[in-house]
Asker: 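Shown below is the structure under consideration.
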Amino acid sequence: MDRFSWSNGLLEINETLVIQQRGVRLYDGDDKAKLDVGVALLSTHRLIWRDVKNHECCIAMPLSQILLFEEQAAGIGKSAKIVIHLQETPANKEPGPYQNSKYSFIKLSFKEHGQIEFHRRLTEEMTQKRWESTPVSQPISAGTSSQAGRTRAVGIVGIERKIEEKRKETDKNICEAFEDLSKLMVKAKEMVELSRSIANKIKDKQGDISEDETIRFKSYLLSMGIANPVTRETYGTGTHYHMQLAKQLGDMLQAPLEERGGMMALTEVYCLVNRARGMELLSPEDLVNACKMFESLKLPLRLRVFDSGVMVVQLQSHSEEEMIASALDYVTDKGSLTAEEFAKLLGLSVLLSKERLLLAEKVGHLCRDDSVEGLRFYPNLFLNA
Amino acid sequence: MHRRGVGAGAIAKKKLAEAKYKERGNVLAEDQIVQMSKQLETFKSNLEEFASKHKQEIRKNPQFRVQFQEMCATIGVDPLASGKGFWSEMLGVGDFYYELGVQIVEVCLALKHRNGGLITLDELHQRVLKGRGKYAQDVSQDDLMRAIKKLKVMGNGFGMIPVGGSYLVQSVPAELNMDHTVVLQLAEKKGYVTVSEIKESLKWEKERACHVLDHLLKEGLAWLDSQASGEAQYWLPALFSEIISRDVTPEEANQMTP
């Protein structure tokens with residue numbers, strides 16, 4: 001912090017403001033500087049900082065003082081920072097807030113964010129080094145005011161005013177957005193109440209609304225994002241949309257499933273499908289609802305839920321007995337296996353390997369050895385004994 | 001003069017009225033569905049108008065997203081229920097959160113071997129941001145939490161455990177009850193915990209402490225350091241990043257070397 005000099009914060013001719021950011025606190029090395037939170041300004045020539053409440057308190061440092069800088073990510077309760085390592089103090093440096101410091105670096109702490117942009121601009125300026133090509137006269141030291149000083153003041157004040165106006169405009173936009181949103185929500189609420197009334201009527205008179213109308217009603221609920229209180233055995237919570245999805249999935253997942261031994265965790269399917277789509281992504285609920293329809297649509301896939309709650313999509317051709325027999329074979333061959341070891345052997349995820357071992361255990365083919373070292377499975381010799 | 005109101009005639013009339021009422025009830029429900037269809041069209045165009053003016057706000061402004069989500073929740077609407085919903089299609093909220101879901105799953109999977117399927121919300125946030133790249137839309141922790149809530153539906157054990165003012169995100173179906181959670185919270189400050197610390201802070205019996213710690217070890221959520229000076233320390237890799245990222249001053253470094 002001893003590289004800073006007092007300044008009046010006015011820009012020189014040929015010096016341009018690049019970016020400014022409110023809510024910045026300075027650190028002398030690792031210690032908080034004895035200054036409040038303020039505004040950091042980056043110009044083509046200098047790094048300036050000014051106290052928000054007391055505009056007289058303003059300090060600056062030429063960019064040539066900067067050796068290198070890096071970002072420090074935010075943490076729990078800590079703002080993002082930019083750490084700036086500095087060169088040695090030049091002999092002719094004007095006095096500033098610190099006479100000397102044990103540190104050769106400072107930090108800017110961004111309490112109101114903006115570190116990404118600030119860092120980007122700082123990088124640009126440090127690369128371009130515009131201060132070398134557009135020299136300015138001796139920086140005006142604190143206390144000196146002149147005619148020229150006053151005209152330059154207009155420059156920075158003008159810029160500040162523009163930024164303030166822009167902020168007010170943004171605030172106004174947000175207010176307007178909120179107002180519009182509230183009006184929209186009132187209308188949405190009417191829809192919710194209407195749908196509840198319809199749902200109650202459907203519940204009371206089970207056979208009187210046609211199948212078609214029920215399906216239509218469900219698609220309305222889907223569009224609005226209203227939870228469906230009416231479940232029909234035939235299609236569950238599904239709609240035409242989910243039926244189509246189910247068919248698409250049936251096509252799309254054949255090959256990947258076969259590659260992975262006939263079974264994939266639902267989260268894996270979710271990632272695979274959405275990555276392939278790129279846009280108009282599926283919600284997790286869309287996926288689950290579509291998978292639930294596999295059976296009724298007679299597709300060769302099944303959604304299966306294990307005891308642990310893990311949900312998988314598996315090929316119907318994939319026989320349970322085969323899986324269990326193969327698990328027993330592997331375990332017998334190796335003497336014993338953990339889920340991790342089994343996963344490596346099969347080239348499957350640990351999650352699914354574990355489920356297979358648990359399945360084999362459930363029917364009595366395997367025994368577990370549960371210890372601090374992990375869960376290990378052995379062939380069940382009690383059965384054969 | 002004949003007297004009316006009582007007798008077979010009145011009963012017949014009543015039955016007729018009831019039948020007509022029942023019929024009307026049917027028609028009413030059907031009418032309502034037609035009415036809903038019309039209202040839906042109107043709502044859709046209102047939403048389109050809103051989107052044309054304010055779609056940017058949702059994408060750019062995390063506070064606005066929070067407000068939007070809360071308002072939806074208040075009236076009983078889930079804008080993220082389906083990619084086919086109006087909200088998702090017209091405001092683009094769906095894609096934003098569903099893609100975030102994919103990124104969260106991928107980060108959790110990539111780190112599972114190291115932390116057993118438990119990660120701080122902070123570390124998850126940082127890694128997701130990194131994966132998204134510099135020019136992608138910024139995401140807040142609230143965004144992450146909403147995406148995680150949706151992921152739960154797919155049954156892979158996604159959940160959030162409150163710890164030290166923030167959260168631990170669990171991404172495997174390991175059973176963690178109150179006891180485990182409390183020990184995790186205790187470990188949050190230093191990244192590790194010992195049996196003595198548990199006994200002292202929580203006033204548990206040694207068996208209970210050991211039982212919980214053993215479970216965490218088995219699930220791969222804790223690592224045992226039996227060489228620590230004093231007693232064995234149980235470290236939680238999920239909490240590592242906080243400690244590593246803290247700057248170490250030269251004085252501290254000197255104190256650390258024996």
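Note: hydrogens, waters and symmetry copies are ignored here, and every other heavy atom, side chains too, is used.
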Asker: Looking at every heavy atom in both A:Asp286 and B:Gly83, which two are closest together, and how far apart are they?
Answerer: OD2-N, 2.6 Å
Asker: I want to check something: taking the side chain as every heavy atom from C-beta on, are B:Pro173 and A:Phe306 in contact at a cut-off of under 4.5 Å?
Answerer: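 Sidechains of A:Phe306 and B:Pro173: no contact.
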Asker: With rounding to the nearest 0.5 Å, note down the distance linking CH2 in B:Trp87 to OG in A:Ser223.
Answerer: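 The distance works out to 11.5 Å.
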Asker: Give the member of A:Val186, A:Leu194, A:Val288 that has the highest number of heavy-atom pairs under 4.5 Å with chain B.
Answerer: A:Leu194
Asker: What part of B:Leu224 is in contact with chain A, defined as an atom under 4.5 angstrom from a non-hydrogen atom: side chain, backbone, both or neither?
Answerer: neither
Asker: Quick check on B:Glu49: does its CD atom have over 12 non-hydrogen neighbours (other residues, nucleotides or ligands) under 6.0 Å away?
Answerer: no
Asker: Report the option among A:Gly309, A:Gly225, A:Ser371 that has the most heavy-atom pairs separated by less than 4.5 Å from atoms of chain B.
Answerer: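 Winner by heavy-atom pair count: A:Gly225.
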Asker: In Å, rounded to the nearest 0.5 Å, how long is the span from CD of A:Glu340 to NE2 of B:His113?
Answerer: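 Answer for the CD-NE2 pair, A:Glu340 versus B:His113, is 12.0 Å.
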Asker: Please look at B:Gln39 and chain A and tell me whether the side chain, the backbone, both or neither of the residue comes under 4.5 angstrom of a heavy atom of that chain.
Answerer: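 Contact with chain A involves both backbone and side-chain atoms of B:Gln39.
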Asker: Can you tell me how far apart NZ (A:Lys187) and CG (B:Asn46) are? Round to the nearest 0.5 Å.
Answerer: 4.5 Å
Asker: For B:Gln103 and A:Arg275, which heavy atoms make the closest approach, and how far apart are they?
Answerer: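 The answer is CG-NH2, 4.2 Å.
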Asker: To the nearest 0.5 Å, how far apart are CZ in A:Arg216 and CG in B:Leu40?
Answerer: 12.0 Å
Asker: Quick one: of B:Glu57, B:Met36, B:Gln67, who has the most non-hydrogen atom pairs under 4.5 Å with chain A?
Answerer: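 It is B:Met36.
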Asker: Using a 6.0 Å cut-off, check whether atom CD of A:Glu280 has over 12 heavy atoms from anything other than its own residue.
Answerer: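 Atom CD in A:Glu280 is not packed in, count stays at 12 or less.
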Asker: Looking at A:Phe178 versus B:Phe64, is the centre-to-centre ring distance below 6.0 Å?
Answerer: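 Between A:Phe178 and B:Phe64, the centre distance is under 6.0 Å.
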Asker: Using a cut-off of under 4.5 Å for heavy-atom pairs, which of B:Gly157, B:Pro79, B:Ala81 has the most such pairs with chain A?
Answerer: B:Ala81
Asker: Taking C-beta and beyond as the side chain, do B:Phe68 and A:Met185 meet within less than 4.5 Å on heavy atoms?
Answerer: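 Touching, per the 4.5 Å side-chain cut-off.
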Asker: Can you name the nearest heavy-atom pair linking A:Ser283 to B:Ser82, along with the distance?
Answerer: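 Closest pair (atom of A:Ser283, atom of B:Ser82, distance): OG-CA, 3.5 Å.
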Asker: Find the one option among A:Val192, A:Val312, A:Leu184 whose heavy-atom pairs under 4.5 Å with chain B are most numerous.
Answerer: A:Leu184
Asker: Measuring from B:Lys112:NZ to A:Ser349:OG, what's the distance to the nearest 0.5 Å?
Answerer: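 It comes to 6.5 Å.
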Asker: List the steps, then state whether side-chain contact (heavy atoms from CB on, under 4.5 Å) holds for A:Asp370 with B:Lys218.
Answerer: CA-CA 9 Å; A:Asp370 210 349; B:Lys218 253 194 292 178; 3.0 Å; yes
Asker: Rounded to the nearest 0.5 Å, what separation is found between the CD atom of B:Gln32 and the OG atom of A:Ser195?
Answerer: 10.0 Å
Asker: Heavy-atom cut-off 4.5 Å, strictly under: side chain, backbone, both or neither for A:Leu287 against chain B?
Answerer: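 Just its side chain gets close to chain B.
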Asker: With respect to chain A, which residue among B:Leu121, B:Leu213, B:Asp78 yields the maximal number of heavy-atom pairs within a distance under 4.5 Å?
Answerer: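 Ranked by heavy-atom pairs under 4.5 Å with chain A, first place is B:Asp78.
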Asker: Under a 4.5 Å heavy-atom cutoff, which of A:Leu282, A:Val269, A:Asn274 has the most pairs with chain B?
Answerer: A:Leu282
Asker: Testing the basics here: between B:Ser37 and A:Tyr220, what is the closest heavy-atom pair and its distance to 0.1 Å?
Answerer: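 What the structure gives for the nearest pair is CB-OH, 3.1 Å.
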Asker: Are there over 12 heavy-atom neighbours, none belonging to A:Met279, within less than 6.0 Å of that residue's CE?
Answerer: no
Asker: Is the backbone N or O of B:Met154 less than 3.5 Å from a side-chain atom of A:Tyr270, with the two atoms forming a donor-acceptor pair by type?
Answerer: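 Checked: no pair found.
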Asker: Looking at every non-hydrogen atom in both residues, tell me the closest pair between B:Glu99 and A:Leu281 and how far apart they are.
Answerer: N-CD1, 3.6 Å
Asker: A quick test of your reading: do over 12 heavy atoms of other residues, nucleotides or ligands sit less than 6.0 Å from OH of B:Tyr167?
Answerer: no
Asker: Going by heavy atoms in the side chains, are A:Glu176 and B:His54 under 4.5 Å from each other?
Answerer: yes
Asker: I'd like to know if B:Lys84 pairs up with A:Glu285 as an ion pair, taking the criterion as any Lys NZ or Arg NE/NH1/NH2 lying under 4.0 Å from an Asp or Glu carboxylate oxygen.
Answerer: no
Asker: Can you say whether A:Ser182 sits under 4.5 Å from chain B via the side chain, the backbone, both, or neither, judging by heavy atoms?
Answerer: both
Asker: Looking at every non-hydrogen atom in both residues, tell me the closest pair between A:Leu181 and B:Phe50 and how far apart they are.
Answerer: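 Taking A:Leu181 first and B:Phe50 second, the nearest heavy atoms are N-CE1, 3.4 Å.
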